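Only one structure is covered here, and it is reproduced in the block below.
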Amino acid sequence: MKLHNILYNKLAGCIATAALCLSLSSCIEESTPTSGVIDKQLEGASLLGMSNSIAGYMNKNNTSSSDYTAIGYPGIMLWREVMANDWAPLTTDYDYFTYYASGQYIGDYYPQSVIWMFYYYLIQKCNLLIGMENASTPENRQYLGNALVYRAMAYFDLARFYEYKHTGIESLDADAESIGCMGLTVPITTEKTTEEQSRHNPRAPYYEMYRMILTDLLRAEEMLSGFEKARVKSEASLAVCHGMMARFWLELGSRFEKNPDDLSAALSHENDGALSGYKTLNIKTASDCFANARTFAQKAISESGCRPLTANDWYNPNNGFNTANDSWMWAILMGSNDAAVTDYSWDSWVSFTSPEADFGVSSTQYRNSRMIDAKLFQTIPSTDWRRYTWIDPADFNMTGTEAADNFKKKYQTEHNVTSLTYDEWHSLGAYVGFKFHPGQGNRTVYKTGNEVDVPLMRIEEMYLISAEATAHVDGWAAGSQEMTNFVSTYRDNAYSFTASSEADFNEELLRQKRIEFWGEGITMFDYKRLSHAVCRGYAGTNHPSAYRLNSVEGCCPPWMTLYITSGEANMNDKLILNPNPSGVISAWEE
């Protein structure tokens, strides 16, 4: 099936249901997601049950959706991978993540509303618990802290997704200026917001949103004091709260360093009466933000008790990247009775990520397996054990009797990458990745293979945040040394790096994160934060022809700022939309 046929078939289903599902009173849930606490929903509710429902919602499959990527938060993680540089499909047949890869149909269409609604229903669940205001026992404080961290995470994602950033595309940037969406994030709804208020709720400016997120995290920090580790990885602990703070302050540091006017504007609003319910940022410079990022990253490292993955952890075909371990600080946990496990075979996280799962579209039969970017792969030295996560083209192209022997030696004996036979492995293609494995390594029984955990935060990210923050506080040499210490200790003992400029440091930082967090939905926000270009079109590229989009260096790729559908504006008369980024960049051609 060709790409345009896939797009047509999926859009036909989306358009047929758009009239029913574009509004906030959607078919996903019964109530309006951007409204506040609904009293009837609180009757008989327990904080434990409400807290569990927040974590449980993260892997919710939207059974009423015609969008097959609506597999809860894991689907959004994969959309973020598609927006970046390193999640190329081996073939476009059975590719359900086409829109943002091709830059087409990313305006006023149903898939955009799925992302928006998912987050606001998650926020609503958090609001319901927070609205109980019951912190009378240690357990209740833990539940409240968990809800506050999840709400902060949701708003932090939304703010980064929807705030328009300059793209370098003159017509699109001019539209954004004309519309008046610059500097705006998303509407804020809390436990105190009524449904009537939500229907006249403007998008919050970035400086208000930042203070709202910080307020939630500081309150969560207070509630989670003494709970450095959570009872289960799906709950937010104090370490996770501090990890979120590290992400938060890194974002602000990058923004304010690049745009001093934004810092001045944020500081000028510190004493606004309308924002008096929020904590102040309490910083004066971008360097203060980076210093905070380092502080909280290092707190998260020490509090969590986590350690970076070893090669054995990473590659294990039975539990590698499918089971929460000593590296994962926070995770989505799928149980044997979850609909995400039992009700679907190919419409699942494992289907979309694991070539070993016979029931998945990534399988050797359907070959929508995912590849690392060819140019990135070539930068990974043989001394870096992560390199063997992906099929080396030199190994794939070997012929003769030694080809199978080389596969067994390198990908099974030395690194234990995959349980596939040589013929199965070779039926795929160069650069295909084997990072994610089906549950218990079970390739054939989908109810077992789909029962996996998905990482939300790993300790490795904290090490790299600390290194980046150090570079901005103490200089490029100090940051480079900290990054060298991490990589040479845990990934490549021959590694050494010294940056001579911010551009050098950022390029290497992003390279390390692209390798480390491939498939985890982390680096898209780094591309946007650092105004780094996506480059999928070049000589020797392994990206499908329709996906070879190159954005403008020093600007935000246009498809990384999400469109807010008109159905949302119909329900909220204060909602300003973003310009439609569909098709503003044409695919590169040789």
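Worth saying up front: this structure is predicted, and the values here are computed from it rather than measured. Just the heavy atoms: all of them, side chains too, but no hydrogens, waters or symmetry mates, feed the values below.
Qualifying side chain to side chain donor-acceptor pair (under 3.5 Å) partners for Y490, counting only residues two or more places apart in sequence or in other chains: none. Listed by chain and residue number, E508 satisfy the salt bridge (charged side-chain N to carboxylate O under 4.0 Å, His left out) test with R511 (two or more places apart in sequence, or in another chain). In terms of the salt bridge (charged side-chain N to carboxylate O under 4.0 Å, His left out) criterion, residue partners of K410 (sequence neighbours excluded) are, by chain and number, D395. Applying the salt bridge (charged side-chain N to carboxylate O under 4.0 Å, His left out) criterion to D453, with sequence neighbours excluded, gives no partner residue.
Side-chain N or O atoms of E81 include one that pairs as donor or acceptor with a backbone N or O of G521 at under 3.5 Å.
R307 and D313 are joined by a salt bridge, as a carboxylate oxygen and a charged side-chain nitrogen come within less than 4.0 angstrom of each other. Of the charged side-chain nitrogens involved, none lies within less than 4.0 Å of a carboxylate oxygen, so that R247 and D526 do not count as a salt-bridged pair. Ion pairing between D384 and R386 holds under the 4.0 Å rule for side-chain N and carboxylate O. Remark: R80 does not engage E520 in a salt bridge, criterion side-chain N to carboxylate O under 4.0 Å.
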Could you go through Y388 and W314, starting from their C-alpha distance and side-chain angles, then the distance that decides it, and tell me whether this counts as side-chain contact (heavy atoms from CB on, under 4.5 Å)? CA-CA 11 Å; Y388 305 100; W314 183 291; over 6 Å; no
Kindly indicate, with the supporting measurements, whether the criterion side chain to side chain donor-acceptor pair (under 3.5 Å) is fulfilled by E482 and T470. CA-CA 8 Å; E482 191 169 334; T470 292; 2.7 Å; yes
CA sep, side-chain torsions, deciding dist, call: N292, I283, side-chain contact (heavy atoms from CB on, under 4.5 Å): CA-CA 9 Å; N292 286 342; I283 50 96; 3.7 Å; yes
Run the side-chain contact (heavy atoms from CB on, under 4.5 Å) check on H437 and N319 step by step: do they pass? CA-CA 7 Å; H437 301 281; N319 55 38; over 6 Å; no
Worked check of salt bridge (charged side-chain N to carboxylate O under 4.0 Å, His left out) between E414 and K408: CA-CA 8 Å; E414 293 181 357; K408 292 177 182 178; over 6 Å; no
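By the 6.0 Å contact criterion, NZ on K258 is enclosed, its count of non-hydrogen atoms from other residues, nucleotides or ligands being greater than 12. The local environment of CD in Q440 is sparse, with at most 12 non-hydrogen atoms from other residues, nucleotides or ligands closer than 6.0 Å. A 6.0 Å sphere centred on OH of Y366 holds no more than 12 heavy atoms belonging to other residues, nucleotides or ligands. By the neighbour-count criterion of 12 heavy atoms within 6.0 Å, atom CG of N397 is densely surrounded, having more than that number from other residues, nucleotides or ligands.
In this structure, Y563 and Q112 approach most closely via the heavy-atom pair O-CB, 3.9 Å. Residue G360 comes nearest to S351 through the heavy atom pair CA-OG, 3.3 Å, listed as atom of the first residue, atom of the second, then distance. Of all non-hydrogen atoms in K233 and C306, the two that sit nearest each other are NZ-SG, 4.1 Å. Nearest heavy atom pair, residue A176 against residue M182, reads CB-SD, 3.7 Å. Nearest heavy-atom pair across S362 and S369 is O-OG, 2.6 Å. Scanning all heavy atoms of the two residues, the minimum distance from M334 to P74 falls at CE-CG, 4.2 Å.
At a threshold of 4.5 Å between non-hydrogen side-chain atoms, the residues Y210 and F248 count as touching. Two residues are said to be in side-chain contact when any heavy atoms from C-beta on lie closer than 4.5 Å; F434 and P317 fail this criterion. Considering only heavy atoms from C-beta on, R491 stays 4.5 Å or farther from Q512 through its side chain. With a 4.5 Å cut-off on side-chain heavy atoms, W349 and L78 count as touching. Between I372 and I380, some side-chain heavy-atom pair lies under the 4.5 Å cut-off. The closest side-chain heavy-atom distance from L456 to I332 is below 4.5 Å.
Because its NZ or CZ atom is both nearer than 6.0 Å to the ring centre of F525 and within 45° of the ring axis, R160 counts as a cation-pi partner of that residue. Geometrically, R255 engages Y206 in a cation-pi contact, judged by NZ or CZ lying under 6.0 Å from the ring centre and within 45° of the ring axis.
Side chain to side chain, D157 and Y73 meet the donor-acceptor criterion of an N or O pair below 3.5 Å. For the residue pair Y538 / D373, a side-chain donor-acceptor distance below 3.5 Å is found, with atom types taken as modelled. E228 and S304 form no side-chain donor-acceptor contact under 3.5 Å, judged by distance and modelled atom types alone. Side-chain atoms of T69 and W79 form a donor-acceptor pair, as typed in the model, at a separation below 3.5 Å. With 3.5 Å as the limit, one finds a donor-acceptor pair spanning the side chains of Q481 and N485. Residues N578 and T561 bring no donor and acceptor atom of their side chains to less than 3.5 Å of each other.
Listed by first and then second residue, the salt bridge (Lys or Arg N to Asp or Glu O under 4.0 Å) pairs involving residues 291-304 are R294-D474 (not counting sequence neighbours). The salt bridge (Lys or Arg N to Asp or Glu O under 4.0 Å) analysis of residues 544-559, with sequence neighbours excluded, yields no pairs.
In this structure, the separation between CZ on F296 and OG on S466 is 13.0 Å, given to the nearest 0.5 Å. Once rounded to the nearest 0.5 Å, the distance linking CG of L428 with CE of M371 reads 10.5 Å. The CD atom of E235 sits 9.5 Å away from the CG atom of L333 when rounded to the nearest 0.5 Å. Rounding to the nearest 0.5 Å gives a distance of 7.5 Å between NE2 of H472 and CG of L250.
Across Y431, W518, W425, a single residue satisfies ring pair (Phe, Tyr, Trp, His ring centres under 6.0 Å) together with W390, and that is W518.
Ring-plane geometry between F321 and W328 is classed as tilted, the angle between the planes lying from 30 to 60 degrees on a 0 to 90 degree scale. Between F497 and F505, the ring planes are tilted. Angles from 30° to 60° get that label.
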